[in-house]
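Side-chain atoms are counted along with the backbone in the values below, which use heavy atoms only and exclude waters and symmetry mates. Along the sequence shown, the residues carry numbers beginning at 1.
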Amino acid sequence: MIDQKKIEQAVRLMLVGIGEDPAREGLRGTPERIARMCEELFGGMHEDAQEHLSRTFSVNTSEIVVEKDISFYSMCEHHILPFYGKAHIAYIPDGKVVGLSKLARTVEVFARRLQVQEQLTGQIADALMEYMQPKGALVMLEAEHMCMTMRGIKKPGSQTITLAKRGVFETDPALEERFFRMIGR
């Protein structure tokens with residue numbers, strides 16, 4: 001679990017390091033607030049996608065299932081700044097499906113960690129394949145990275161798009177084309 005006392009100490013040290021006074025009225029309580037925030041932002045480190053994806057329902061279809069525009073927020077492990085956007089998930093069932101909320105919960109499990117978008121995309125696709133065992137899965141993430149927006153190159157609005165294909169999506173280009181049509185791209 002998260003060590004709140006260590007986070008509080010680190011925040012106080014950072015405040016002093018940038019020339020602030022942690023005892024100043026506006027900053028009193030900030031180390032504690034940051035520690036509580038970390039519980040929420042990094043809670044996915046102590047969760048397992050299997051918890052969500054192993055609750056399945058039998059079906060007699062193998063038609064594509066798409067859940068699009070799943071909002072997510074994550075933290076870049078290089079700068080500890082947020083990146084956020086939309087996840088689009090598709091899979092081809094092989095006799096079983098999950099509740100649609102479970103796809104969004106799976107995104108959250110992996111997004112609520114220090115992360116890079118490329119890895120996040122693959123982790124979601126791999127979890128779908130491992131725990132649901134569909135014929136194939138495709139995950140696309142579109143995100144804006146605050147490390148590109150508020151520091152460094154300072155290009156607000158730029159989007160990073162990543163795609164992970166597994167199973168039949170790797171071998172059947174028509175399925176990928178159908179996915180893009182379904183999400184309106």
Side-chain angles (χ1 to χ4, degrees), residues 2 4 6-8 10-22 24-47 49 52 66-91 100-128 137-166 169 176-185:
I2 290 178
Q4 288 196 341
K6 284 187 180 179
I7 294 169
E8 290 171 21
V11 171
R12 282 187 194 91
L13 186 58
M14 182 190 76
L15 290 170
V16 170
I18 64 171
E20 271 291 357
D21 175 9
R24 180 168 67 79
E25 181 183 2
L27 294 175
R28 273 185 258 141
T30 294
E32 293 82 8
R33 283 189 291 275
I34 299 285
R36 286 191 309 273
M37 177 187 71
C38 286
E39 287 275 345
E40 183 177 346
L41 294 181
F42 305 116
M45 294 177 63
H46 309 291
E47 293 183 34
H52 306 295
V66 174
E67 182 74 16
K68 71 177 200 167
D69 295 330
I70 302 168
S71 295
F72 73 89
Y73 303 87
S74 193
M75 296 291 280
C76 167
E77 66 185 31
H78 298 144
H79 300 100
I80 310 184
L81 286 172
F83 66 96
Y84 58 93
K86 302 283 185 184
H88 314 288
I89 297 175
Y91 70 95
L100 296 176
S101 70
K102 304 309 182 196
L103 299 175
R105 290 184 192 282
T106 300
V107 171
E108 287 297 302
V109 165
F110 294 111
R112 292 177 48 213
R113 304 174 181 195
L114 284 176
Q115 191 64 275
V116 295
Q117 182 175 335
E118 299 86 344
Q119 177 176 281
L120 173 58
T121 310
Q123 287 172 332
I124 296 165
D126 291 341
L128 294 171
L138 189 149
V139 177
M140 178 178 150
L141 301 184
E142 301 175 281
E144 182 169 349
H145 292 248
M146 295 311 289
C147 58
M148 289 274 297
T149 297
M150 63 186 291
R151 60 156 305 280
I153 193 137
K154 296 182 181 84
K155 296 296 178 199
S158 64
Q159 294 281 305
T160 300
I161 300 173
T162 51
L163 188 72
K165 299 184 286 185
R166 304 291 187 266
F169 283 100
E176 184 176 347
E177 290 173 26
R178 187 171 173 200
F179 166 79
F180 282 114
R181 281 193 311 277
M182 290 176 82
I183 67 167
R185 301 282 189 272

> So do the side chains of Leu141 and Ile161 get within less than 4.5 Å of each other, counting heavy atoms only?
Replying inline: no
> Nearest heavy-atom pair of Phe180 and Met140: which atoms, and what distance?
Replying inline: CE2-SD, 3.5 Å
>> What I want to find out is whether Glu142 reaches Arg185 closely enough, with some N-O distance under 4.0 Å, to be called a salt bridge.
In response: yes
> Are Arg36 and Glu32 within salt-bridge range, i.e. N to O under 4.0 Å?
Replying inline: no
>> Please check: side-chain N/O of Gln115 versus main-chain N/O of Phe110, any donor-acceptor pairing under 3.5 Å?
In response: yes
> Gln117 and His145: side-chain donor and acceptor closer than 3.5 Å?
Replying inline: yes
> So which heavy atom on Pro31 is nearest to which on Arg12, and how close?
Replying inline: CG-CG, 3.6 Å
> Quick one: are Glu144 and Pro82 in side-chain contact, heavy atoms under 4.5 Å?
Replying inline: no
> Could you walk me through whether Tyr91 and Leu138 pass the side-chain contact (heavy atoms from CB on, under 4.5 Å) check?
Replying inline: CA-CA 6 Å; Tyr91 70 95; Leu138 189 149; over 6 Å; no
>> Could you tell me if the side chain of Lys68 sits less than 4.5 Å from the side chain of Met182, heavy atoms only?
In response: no
>> Could you tell me if Gln119 and Glu77 have a donor-acceptor pair between their side chains, going purely by distance under 3.5 Å?
In response: no
> Looking at Phe169 and Ala90, what are the two nearest heavy atoms and their distance?
Replying inline: CZ-CB, 4.0 Å
> With distance as the sole criterion, is a donor-acceptor pair present between the side chains of Thr149 and Lys155 under 3.5 Å?
Replying inline: no
> Do Tyr73 and Leu41 pass the side-chain contact (heavy atoms from CB on, under 4.5 Å) test, and can you show the C-alpha distance, the side-chain angles, and the key distance before you say yes or no?
Replying inline: CA-CA 8 Å; Tyr73 303 87; Leu41 294 181; over 6 Å; no
> Can you name the nearest heavy-atom pair linking Cys147 to Cys76, along with the distance?
Replying inline: SG-SG, 4.3 Å
> Has Met37 got more than 12 heavy atoms of other residues, nucleotides or ligands less than 6.0 Å from its CE?
Replying inline: yes
>> Under the criterion side-chain contact (heavy atoms from CB on, under 4.5 Å), I'd like the reasoning laid out for Arg113 against Ser74: C-alpha separation, chi angles, the key distance, then a yes or no.
In response: CA-CA 7 Å; Arg113 304 174 181 195; Ser74 193; 5.8 Å; no
> Can you name the nearest heavy-atom pair linking Leu81 to Arg151, along with the distance?
Replying inline: CD1-CD, 3.8 Å
>> A side-chain contact here means heavy atoms from C-beta on lying under 4.5 Å apart; do Ile34 and Ile7 qualify?
In response: yes
> Would you say Ile80 and Leu114 make side-chain contact, with heavy atoms under 4.5 Å?
Replying inline: yes
> Can you check whether Val109 reaches Thr106 side chain to side chain, under 4.5 Å on heavy atoms?
Replying inline: no
>> Please evaluate residues Glu47 and Arg112 with respect to the criterion salt bridge (Lys or Arg N to Asp or Glu O under 4.0 Å), reporting the C-alpha separation (whole Å), side-chain torsions for both, the decisive distance (0.1 Å), and the verdict.
In response: CA-CA 9 Å; Glu47 293 183 34; Arg112 292 177 48 213; 3.0 Å; yes
>> Using every non-hydrogen atom in the two residues, find where Phe179 and His88 come nearest and quote the distance to one decimal.
In response: CZ-CB, 3.7 Å
> Does the pair Ile124 and Ile89 meet the rule for a side-chain contact (heavy atoms from CB on, under 4.5 Å), with working shown?
Replying inline: CA-CA 9 Å; Ile124 296 165; Ile89 297 175; 4.0 Å; yes
